[in-house]
S.K.: 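One structure is given below, represented as structure tokens, and several questions about it will come after.
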2 protein chains.
Amino acid sequence: MNTLPDDDIANVMRALGHPVRLSILRILAAQGASDCCCTDVIQCLPLAQSTVSQHIKVLLDAGLVERHPKGTRNCYALRGDRLAEIGAAWSGLITGLTNPQPAQYAAQKELS
Amino acid sequence: MNTLPDDDIANVMRALGHPVRLSILRILAAQGASDCCCTDVIQCLPLAQSTVSQHIKVLLDAGLVERHPKGTRNCYALRGDRLAEIGAAWSGLITGLTNPQPAQYAAQKELS
DNA sequence: TTCTTCTATCGGTCCAAGACGATGAATACC
DNA sequence: GGTATTCATCGTCTTGGACCGATAGAAGAA
């Protein structure tokens, strides 16, 4: 049910834990598939290019977006597969919390 | 659909973005409703009491847990209502990202 | 009252994150 | 070739997070 270890979940949550990065995801979603380059994102945000690039890197490292080099520019797109995977892990987390099984935390404890 | 503003979502995600805090939520879930005090949590984790107390405070501030003072000890429990609310917001976020509506980001931009 | 237990908070240290400007590499264009 | 554009990365600075020990206050026990 919950296919991702806690460290991975925490990584993704931390990547999502910044309003600017949520905005970037929305921008990528609004612009459609694989046709949104870094400049497009920068023009939607009141931040320096280097800052936006750094936020995108965080999303890349978390596996939430993917990069498609296109000539002199880099296009970004959401990773639908990963979003689905994270959605499943999230459901598992919520289910596990609201319908707890006594043995569950013991297993979790062993992992960390 | 998505009932929480991005800042709130980011706050919750940040609170969830640490393995220890995920562990604390699981501990609270495993111990059942409103009968888990701070010491119980501390004994499950290899951290100092002050550190655990601080993590719990983050979860409190994010609205993920609630405190029930009981004599000399404080009991904590998950806030099921808030978990449901956040689950709904998460679903809305994922849905919005995977089935984007062009006007969506414009509305989002206005908020921040 | 005095002692113990529980736990929030304070002060301090250390490291990571967020923001910026500057630089440099890659590609496209003239 | 030379120039412009795009963008990742580097160095720096500031802020915030994570962790700890110490402290203090509240409630129960002796």
Side-chain angles (χ1 to χ4, degrees), chain A residues 6-28 31 34-78 112, chain B residues 6-28 31 34-78 112:
Chain A
D6 268 14
D7 280 353
D8 281 5
I9 297 182
N11 269 337
V12 172
M13 294 299 165
R14 208 179 321 123
L16 292 173
H18 197 291
V20 167
R21 290 196 284 269
L22 289 179
S23 296
I24 292 175
L25 292 182
R26 289 195 206 278
I27 293 169
L28 294 182
Q31 301 252 351
S34 68
D35 210 8
C36 187
C37 74
C38 193
T39 309
D40 298 333
V41 179
I42 292 165
Q43 285 174 345
C44 296
L45 296 169
L47 292 169
Q49 175 263 325
S50 55
T51 304
V52 174
S53 193
Q54 220 165 311
H55 279 301
I56 291 177
K57 184 167 163 43
V58 174
L59 294 172
L60 271 173
D61 290 344
L64 293 168
V65 304
E66 56 193 358
R67 178 188 292 167
H68 302 285
K70 232 175 210 177
T72 174
R73 48 184 65 187
N74 281 343
C75 293
Y76 292 94
L78 297 178
S112 56
Chain B
D6 268 13
D7 280 352
D8 281 7
I9 297 181
N11 269 338
V12 172
M13 294 300 166
R14 208 181 319 123
L16 293 172
H18 197 289
V20 167
R21 289 196 283 268
L22 289 178
S23 296
I24 292 175
L25 292 182
R26 288 194 207 279
I27 293 169
L28 294 183
Q31 301 252 352
S34 68
D35 209 8
C36 186
C37 74
C38 193
T39 310
D40 298 332
V41 178
I42 292 166
Q43 285 174 347
C44 296
L45 295 169
L47 292 169
Q49 175 263 326
S50 55
T51 306
V52 174
S53 192
Q54 218 164 314
H55 279 301
I56 291 177
K57 184 167 164 41
V58 173
L59 294 172
L60 271 174
D61 290 345
L64 292 168
V65 305
E66 56 194 356
R67 179 188 292 166
H68 302 286
K70 233 177 209 176
T72 175
R73 51 183 67 185
N74 281 342
C75 294
Y76 292 95
L78 298 178
S112 59

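Quick note: numbers below take in every heavy atom, side chains included, and nothing from hydrogens, waters or symmetry partners. All chains are named by letter (A, B, ...) in the order of the sequence lines, taking the proteins before the strands, and each is independently numbered beginning at 1.
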S.K.: Side-chain contact test, heavy atoms from C-beta onward, threshold under 4.5 Å: evaluate it for B:Leu60 versus B:Arg67 and give yes or no.
M.R.: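 Sidechains of B:Arg67 and B:Leu60: in contact.
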S.K.: Please report the interatomic distance CG(B:Asp40) to CD1(B:Ile27), rounded to the nearest 0.5 Å.
M.R.: 9.5 Å
S.K.: Is any side-chain heavy atom of A:Thr51 closer than 4.5 Å to a side-chain heavy atom of A:Leu45?
M.R.: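 They are not in contact (no side-chain heavy atoms under 4.5 Å apart), so the answer is no.
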S.K.: Just how far is it from atom SG of B:Cys75 to atom CD of B:Glu66, taken to the nearest 0.5 Å?
M.R.: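 The CD atom of B:Glu66 is 11.5 Å from SG of B:Cys75, to the nearest 0.5 Å.
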S.K.: How far does CG of B:Leu22 sit from NE2 of B:His18, to the nearest 0.5 angstrom?
M.R.: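 Spacing of CG (B:Leu22) from NE2 (B:His18) equals 9.5 Å.
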S.K.: What is the 5' to 3' range of DNA chain D, first to last nucleotide, that sits under 4.0 Å from any heavy atom of chain A?
M.R.: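 Both ends considered, the range comes out as D:dT5 to D:dT9.
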S.K.: When rounded to the nearest 0.5 angstrom, what distance separates SG in B:Cys44 from CG in B:Leu28?
M.R.: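 With rounding to 0.5 Å, SG (B:Cys44) is 9.5 Å from CG (B:Leu28).
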S.K.: Reading nucleotides 24-30 of chain C from the 5' end, what letters show protein touch, with B for base, S for backbone sugar-phosphate only, - for no heavy atom under 4.0 Å?
M.R.: ---SS--
S.K.: In whole Å, what is the span from the CD1 atom of B:Ile56 to the C1' atom of C:dA8?
M.R.: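 Computing the B:Ile56:CD1 to C:dA8:C1' distance gives 10 Å.
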S.K.: Could you tell me whether the side chain of A:Gln54 has a donor or acceptor atom within less than 3.5 Å of a complementary atom in the base of C:dA17?
M.R.: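 Not at all, since no donor on one side and acceptor on the other fall under 3.5 Å apart.
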S.K.: Check whether any side-chain heavy atom of A:Tyr76 lies under 4.5 Å from a side-chain heavy atom of A:Val41, and answer yes or no.
M.R.: no
S.K.: Reckon B:Asn74 has a side-chain N or O less than 4.0 Å from the OP1 or OP2 of C:dA8?
M.R.: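 Answer is yes, contact under 4.0 Å.
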S.K.: For C:dA19 and A:His55 - does any side-chain N or O of the residue sit under 4.0 Å from the phosphate oxygens OP1/OP2?
M.R.: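 Yes.
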S.K.: Between C:dG21, C:dT7, C:dG18, spot the one nearest the side chain of A:Ser50, thanks.
M.R.: C:dG21
S.K.: Pick the closest DNA chain C nucleotide for B:Ser53 and for A:Val58 by heavy atoms, then say which residue is nearer the 5' end.
M.R.: B:Ser53
S.K.: A side-chain contact here means heavy atoms from C-beta on lying under 4.5 Å apart; do A:Asn11 and A:Arg14 qualify?
M.R.: yes
S.K.: Closest-nucleotide mapping onto DNA chain D: is A:Cys38 or B:Pro46 further toward the 5' terminus? I mean the 5' end.
M.R.: A:Cys38
S.K.: Could you check how far CG of A:Asp61 sits from P of C:dA16, rounded to whole Å?
M.R.: 15 Å
S.K.: Go nucleotide by nucleotide along DNA chain C from the 5' end; which of A:Gln49 and A:Gly17 gets its closest nucleotide reached first?
M.R.: A:Gly17
S.K.: What distance separates B:Asp6 CG from A:Leu16 CG, expressed to the nearest 0.5 Å?
M.R.: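 Answer rounded to 0.5 Å: 10.5 Å.
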